[in-house]
Amino acid sequence: MRVIMLAPPGAGKGTQGERIAARYAVPHISSGEIFRDEVTRQTPLGKQLSGYLERGDLVPDDLVLRLIRDRVVAAAEQSGGYVLDGFPRTLEQAEAAAGIGRETNTSAQAVVYLDAAADVLIGRLTGRAENRADDSEAVARHRLEVYAEHTQPLVDYYSARGILVKIDAAAPVDVVSEQIFAALDRVKRR
Ligand code: AP5
């Protein structure tokens with residue numbers, strides 16, 4: 001199973017991405033987690049990333065690809081699948097992901113688009129138990145604006161390619177999972 005999660009901050013990419021990965025036994029690759037790990041370990045790349053993450057701005061595409069590309073290729077080649085959570089997030093990244101898919105014959109089979117209203121998303125982000133540094137209301141609102149400008153256009157991009165699966169992410173976690181699994185099981189049977 002090869003899945004891309006496409007959703008605004010707080011919609012449940014991480015929560016549902018883990019569940020999809022467990023159900024279909026494929027690696028869960030979260031760009032945000034990879035970046036936060038670099039920042040925590042204070043690596044040279046982490047020092048370049050920290051400002052973007054703190055502000056809620058997108059990390060530049062070239063830097064994203066340096067950190068993500070090899071992991072996607074390895075996951076696709078070693079386990080035949082992946083759940084990409086947080087990547088791609090711009091049209092340039094989507095084109096890069098499509099290129100990786102073509103080169104390794106592992107193009108995404110489905111893009112799970114989790115949709116929920118902004119007030120629901122802000123409530124989840126500001127109330128998150130882990131209390132992430134970028135979850136203050138001001139930064140959360142900025143992340144939603146960044147999403148609307150740079151990532152929302154990917155909904156049309158993947159819809160035009162016939163692989164978009166839209167899910168109501170305002171529903172309870174288990175209901176969202178059931179809807180996703182039902183849709184992905186149909187994709188798998190094709
Ligand atoms: P990233 O880590 O990807 O953060 P995000 O997109 O802002 O998403 P979140 O992790 O906040 O939310 P989520 O959708 O995963 O929801 P979650 O399951 O956690 O990116 C962080 C930063 O890294 C970016 O701002 C950017 O700077 C950089 N970055 C990352 N990738 C990049 C890229 N490709 N290009 C450039 N820059 C990049 O759930 C949120 C909360 O809601 C949790 O508390 C959860 O328990 C709860 N919840 C989830 N589902 C439900 C539900 N159905 N009902 C009730 N509560 C729920």
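In this text the structure is predicted, and so the values were computed from the model without any measurement. Atoms within each ligand, like the ligands themselves, are counted from 1 in listed order.
Note on ligand 1: A169 sits in its first shell, one or more heavy atoms being nearer than 4.0 Å. Heavy atoms of A170 come nearer than 4.0 angstrom to ligand 1 in no pair at all. Within the 4.0 Å heavy-atom cutoff, R36 counts among the residues contacting ligand 1.
At a 4.0 Å heavy-atom cut-off, ligand 1 touches R132 through the side chain alone. Of all the heavy atoms of P8, the ones lying under 4.0 Å from any atom of ligand 1 belong exclusively to the backbone. Contacts between V173 and ligand 1 below 4.0 angstrom, taking non-hydrogen atoms only, involve backbone and side chain alike. With a heavy-atom cut-off of 4.0 Å, F35 touches ligand 1 through its side chain alone. Looking at A171 against ligand 1, only its backbone comes within 4.0 Å, counting heavy atoms.
Summarising the local packing, CG of N105 is surrounded by 12 or fewer heavy atoms from other residues, nucleotides or ligands at distances under 6.0 Å.
With rounding to the nearest 0.5 angstrom, the CZ atom of R66 is 12.5 Å from the CD1 atom of I68. With rounding to the nearest 0.5 Å, the separation of CD in Q109 from CD1 in I4 is 11.0 Å. If you take OG1 on T151 and OH on Y157, they are separated by 13.5 Å, rounding to the nearest 0.5 Å. Rounding to the nearest 0.5 angstrom, the gap separating the CD1 atom in I29 from the CG atom in D85 is 10.0 Å.
When each atom of ligand 1 is checked for a heavy atom of R89 under 4.0 Å away, the hits are 1 (P), 3 (O), 4 (O), 5 (P), 6 (O), 7 (O), 20 (O), 24 (C), 30 (C), 31 (N), 32 (C), 33 (C), 34 (N), 35 (N), 38 (C). Of all atoms in ligand 1, numbered sequentially from 1 with element shown, those under 4.0 Å from a heavy atom of Q93 are 33 (C), 34 (N), 35 (N), 36 (C). For ligand 1 and G32, the ligand atoms under 4.0 Å from any heavy atom of the residue are 1 (P), 2 (O), 20 (O), 30 (C). Close approach of ligand 1 to T15 (heavy-atom distance below 4.0 Å) involves ligand atoms 17 (P), 18 (O), 39 (O), 45 (C), 49 (C). Each of the atoms 13 (P), 15 (O), 18 (O) of ligand 1 lies under 4.0 Å from some heavy atom of G14. Listed by number with element, the atoms of ligand 1 under 4.0 angstrom from any heavy atom of D57 are 26 (C), 27 (O). Applying the 4.0 Å criterion to heavy atoms of G86 picks out, from ligand 1, the atoms 31 (N), 32 (C), 33 (C), 34 (N). Within the listing of ligand 1, atoms 53 (N) sit less than 4.0 angstrom from a heavy atom of P172.
Between the R89 side chain and the H150 main chain, no donor and acceptor come within less than 3.5 Å of each other. The backbone N or O of T90 lies less than 3.5 Å from no partner atom in the side chain of E95, so there is not a single donor-acceptor pair. Although no hydrogens or angles enter the test, the distance criterion places no donor-acceptor pair under 3.5 Å between the side chain of T126 and the main chain of E137. Judged by distance alone, with hydrogens and angles left aside, the side-chain atoms of Q152 form no donor-acceptor pair with the main-chain N or O of Y147 at under 3.5 Å. Y24 contributes no side-chain N or O that, together with a main-chain N or O of G81, makes up a donor-acceptor pair within less than 3.5 Å.
A pairwise comparison of heavy atoms in M5 and K13 identifies CE-O, 3.9 Å as the closest pair.
Scanning all protein heavy atoms for the shortest distance to atom 37 (N) of ligand 1 gives V59 N, 3.0 Å. The protein heavy atom nearest to atom 22 (C) of ligand 1 is L53 CG, 4.0 Å. Ranking the protein heavy atoms by distance from atom 31 (N) of ligand 1 puts S31 OG, 2.7 Å first. Counting protein heavy atoms only, atom 47 (C) of ligand 1 is closest to R124 CD, 4.1 Å. Protein heavy atom closest to atom 16 (O) of ligand 1, with residue, atom name and distance, is G12 N, 3.1 Å.
The pair R128-D134 fails the salt-bridge criterion, with no side-chain N (NZ, NE, NH1 or NH2) lying under 4.0 Å from an Asp/Glu carboxylate O. Between R189 and D185, none of the side-chain N atoms (NZ, or NE/NH1/NH2) sits under 4.0 Å from a carboxylate O, so this pair counts as no salt bridge. Using a 4.0 Å cut-off between charged side-chain N and carboxylate O, E103 and R69 make a salt bridge.
Inclusion of D134 in the set of residues having an N or O under 3.5 Å from an N or O of ligand 1 is not warranted. Residue-to-ligand polar distances place G10 within reach of ligand 1: an N/O pair is separated by less than 3.5 Å. Every N/O-N/O distance between D135 and ligand 1 stays at or above 3.5 Å.
Residue R143 forms a side chain to side chain contact (heavy atoms under 4.5 Å, CB included) with just one option from D135, I122, L121, and that option is D135.
Of the options K13, R143, R128, the smallest heavy-atom separation from atom 19 (O) of ligand 1 is shown by R128.
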